[in-house]
Protein chains: 2
Amino acid sequence: MTQTDPIIAVLDLGGYRLTAPRRAIAALIAGYGGHFTAAELELAARERRLGLSRATLYRALDLLIELGVIERLDLPGGDHAYVPCARAHHHHVVCSRCGRTAEVTDSGVAEAVAEIAHQTGYEISTHRLELFGLCRHCQVKTALDA
Amino acid sequence: MTQTDPIIAVLDLGGYRLTAPRRAIAALIAGYGGHFTAAELELAARERRLGLSRATLYRALDLLIELGVIERLDLPGGDHAYVPCARAHHHHVVCSRCGRTAEVTDSGVAEAVAEIAHQTGYEISTHRLELFGLCRHCQVKTALDA
DNA sequence: CCTCTGTCTAGACTGAGTCGCAATAATTAT
DNA sequence: ATAATTATTGCGACTCAGTCTAGACAGAGG
């Protein structure tokens, strides 16, 4: 782990202090392949005796969202999860079975949005597209279960 | 108001009892042009001395969501609102200034979704698109403010 | 009119997320 | 190195949305 964590790098560039709690949180996040919830992070931190307070955790998440290195998803069930992600505009596909996520670029969505703006007369400034389904891996598993 | 409230009609068709609290909630919802939050409903109910408990309110909302007559939106800020809506698949455009909403059909989004499925290999079962911007009315107001 | 059972009320409860403030420690200047 | 500066943390109390339970109530059908 001599490698620089990208999250740490962004914090540094942003002029934020590289504190122990932030490094710890960055490491935890890097450990998740896909999405994670605030509760999961909190639990993981407690298990490893990192001794960071809930407030710090939430503050760090807010900061990372603001910096665009993680994004908040609203799952259909109503609770939220976070995904580490690139900073450019994109969307997420979430596997509803295993939670694995993939990023996709705007392919065709921008046109659709323009069309909608035209239809409604709204001046659209942001949009959020979230997709749910089965990842390739779970498609196979599901087929076997049947 | 001899006219039948569509929400009441759907409840009836679904075989649910047409109770006083449900009628009251349906009426409140019909009163909102656009979106509303659970808190707003609760407040409105309290102001009119309808005397319905929070539990009832939330249960009614859950039921209406299940029946598809209202839908839950996740606003960028993180809190949720509800919008009364048609039962077919569609999306909402929310005015970020006044909260007014408009429904739009899938125009072009379906293609984009298919393209994304192809790109990622996911078998996509649902998607959610939420758009935010200024409605025509607020575009004018904002121009005047400047 | 009576019964059955779905629905309601009240209020306690849970759990996520926030707030304020004193204590701490990452930087920067000396 | 050391000290000064000030962003960040931890704590713990707090808020607020939403849930749950148990007993009371009231629609719908017979």
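Every chain is numbered from 1, with letters handed out A, B, ... down the list of sequences.
Residues B:H137 and B:K141 have side chains in contact (heavy-atom distance under 4.5 Å, counting atoms from C-beta outward).
The outermost nucleotides of DNA chain D lying under 4.0 Å from heavy atoms of chain B, listed 5' to 3', are D:dA17 to D:dA28.
In the hydrophobic clustering, A:L43 connects to no other residue, as no ILVMFWY side-chain heavy atoms lie under 4.5 Å from its own. Under a 4.5 Å side-chain heavy-atom criterion applied to ILVMFWY residues, the cluster that includes A:L144 comprises A:V140 as well.
In this model, a donor atom of one side chain and an acceptor atom of the other lie less than 3.5 Å apart for B:H89 and B:H127.
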Quick one, give me the B/S/- string for nucleotides 14-21 of chain C, reading 5' to 3', where B means a protein heavy atom under 4.0 Å from the base and S means that only happens at the primed atoms, P, OP1 or OP2.
--SBBBB-

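For A:T19 and B:G51, each mapped to the nucleotide of DNA chain C holding its nearest heavy atom, the one lying further toward the 5' end belongs to B:G51. Of the two residues near DNA chain D, A:T56 and B:L18, the one whose nearest nucleotide lies more 5' is A:T56.
The side-chain hydrogen bond (donor to acceptor under 3.5 Å, both in side chains) search around B:E123 returns none, not counting sequence neighbours. Legend: residues meeting ring-ring contact (aromatic ring centres under 6.0 Å, His included) with B:H80, ordered by chain and number and at least two apart, are absent. Take A:H92 and apply the ring-ring contact (aromatic ring centres under 6.0 Å, His included) test, not counting sequence neighbours, and it matches A:H90. Remark: B:Y32 pairs with B:F36 by the ring-ring contact (aromatic ring centres under 6.0 Å, His included) rule, at least two apart or across chains.
The stretch residues 52-61 of chain B participates, sequence neighbours left out, in these salt bridge (Lys or Arg N to Asp or Glu O under 4.0 Å) pairs: B:E42-B:R54.
Hydrophobic cluster membership differs between A:L134 and B:Y122, with clusters built from Ile, Leu, Val, Met, Phe, Trp and Tyr side chains linked at under 4.5 angstrom.
Classification of B:R97 and B:D145 as a salt-bridged pair holds, one side-chain N sitting under 4.0 Å from a carboxylate O. Ion pairing between B:R49 and B:E47 fails under the 4.0 Å rule for side-chain N and carboxylate O.
Between the axis at the start and the axis at the end of the helix from C:dC1-D:dG30 to C:dT30-D:dA1 there is an angle of 40°, using five pairs per end and rounding to 10 degrees.
Contacts between residues 9-16 of chain A and DNA chain D, defined by a heavy-atom separation below 4.0 Å, involve A:Y16, listed by number.
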Sequence neighbours left out, cut at 3.5 Å: what donor-acceptor pairs do the side chains of residues 10-30 of chain A make with other protein atoms?
{"from": "A:T19", "atom 1": "OG1", "to": "A:R22", "atom 2": "N", "distance (Å)": "3.4"}
{"from": "A:R22", "atom 1": "NH1", "to": "A:R17", "atom 2": "O", "distance (Å)": "2.9"}

